[in-house]
Amino acid sequence: MAFRAARDMIRTLREGETLPDGAREHTLRVSYVDHSTLFDLPFNLGI
């Protein structure tokens with residue numbers, strides 16, 4: 001479920017063209033409530 005939400009968030013940001021230049025090289029970090037990392041999802045991932 002977290003992966004789908006992160007993927008959809010990235011897709012929305014990319015489609016809305018609201019990302020600043022160079023942001024496509026960054027990642028979205030998804031973490032647990034205790035702030036430990038669950039996974040990082042690159043903005044330039046073609047999903």
Side-chain angles (χ1 to χ4, degrees):
M1 186 185 310
F3 176 82
R4 282 189 226 149
R7 180 192 63 196
D8 292 346
M9 182 182 297
I10 289 173
R11 183 178 294 143
T12 299
L13 290 169
R14 288 175 64 187
E15 289 174 354
E17 298 180 13
T18 57
L19 294 175
D21 292 337
R24 293 181 191 274
E25 303 302 319
H26 293 275
T27 59
L28 176 67
R29 174 158 291 162
V30 179
S31 59
Y32 292 102
V33 174
D34 68 357
H35 302 288
S36 61
T37 301
L38 179 58
F39 61 87
D40 291 327
L41 193 61
F43 273 67
N44 61 1
L45 186 64
I47 54 173

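These numbers come from the heavy atoms of this one structure, side chains and all, not from hydrogens, waters or symmetry mates.
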Rounded to the nearest 0.5 angstrom, the CD1-NE2 distance for Ile10 and His26 is 12.0 Å

side-chain contact (heavy atoms from CB on, under 4.5 Å) evaluation trace for Asp8 with Arg11: CA-CA 5 Å; Asp8 292 346; Arg11 183 178 294 143; 3.6 Å; yes

Shortest non-hydrogen contact between Phe3 and Phe39, atoms and distance: CA-CZ, 3.5 Å

What are the two closest non-hydrogen atoms of Arg29 and Asp40, and how far apart are they? NE-OD1, 2.7 Å

Could you walk me through whether Met1 and Arg4 satisfy the side-chain contact (heavy atoms from CB on, under 4.5 Å) test, starting with their C-alpha distance in whole Å, then the side-chain angles of each, then the deciding distance to 0.1 Å, before giving a yes or no? CA-CA 5 Å; Met1 186 185 310; Arg4 282 189 226 149; 5.8 Å; no

I need the minimum non-hydrogen distance between Thr27 and Phe43, along with the two atoms involved. C-CE1, 3.6 Å

If we only count heavy atoms from C-beta on, is the Ser31 to Leu38 side-chain gap below 4.5 Å? no

In short, Tyr32 meets Thr37 closest at the heavy-atom pair CE1-O, 4.1 Å

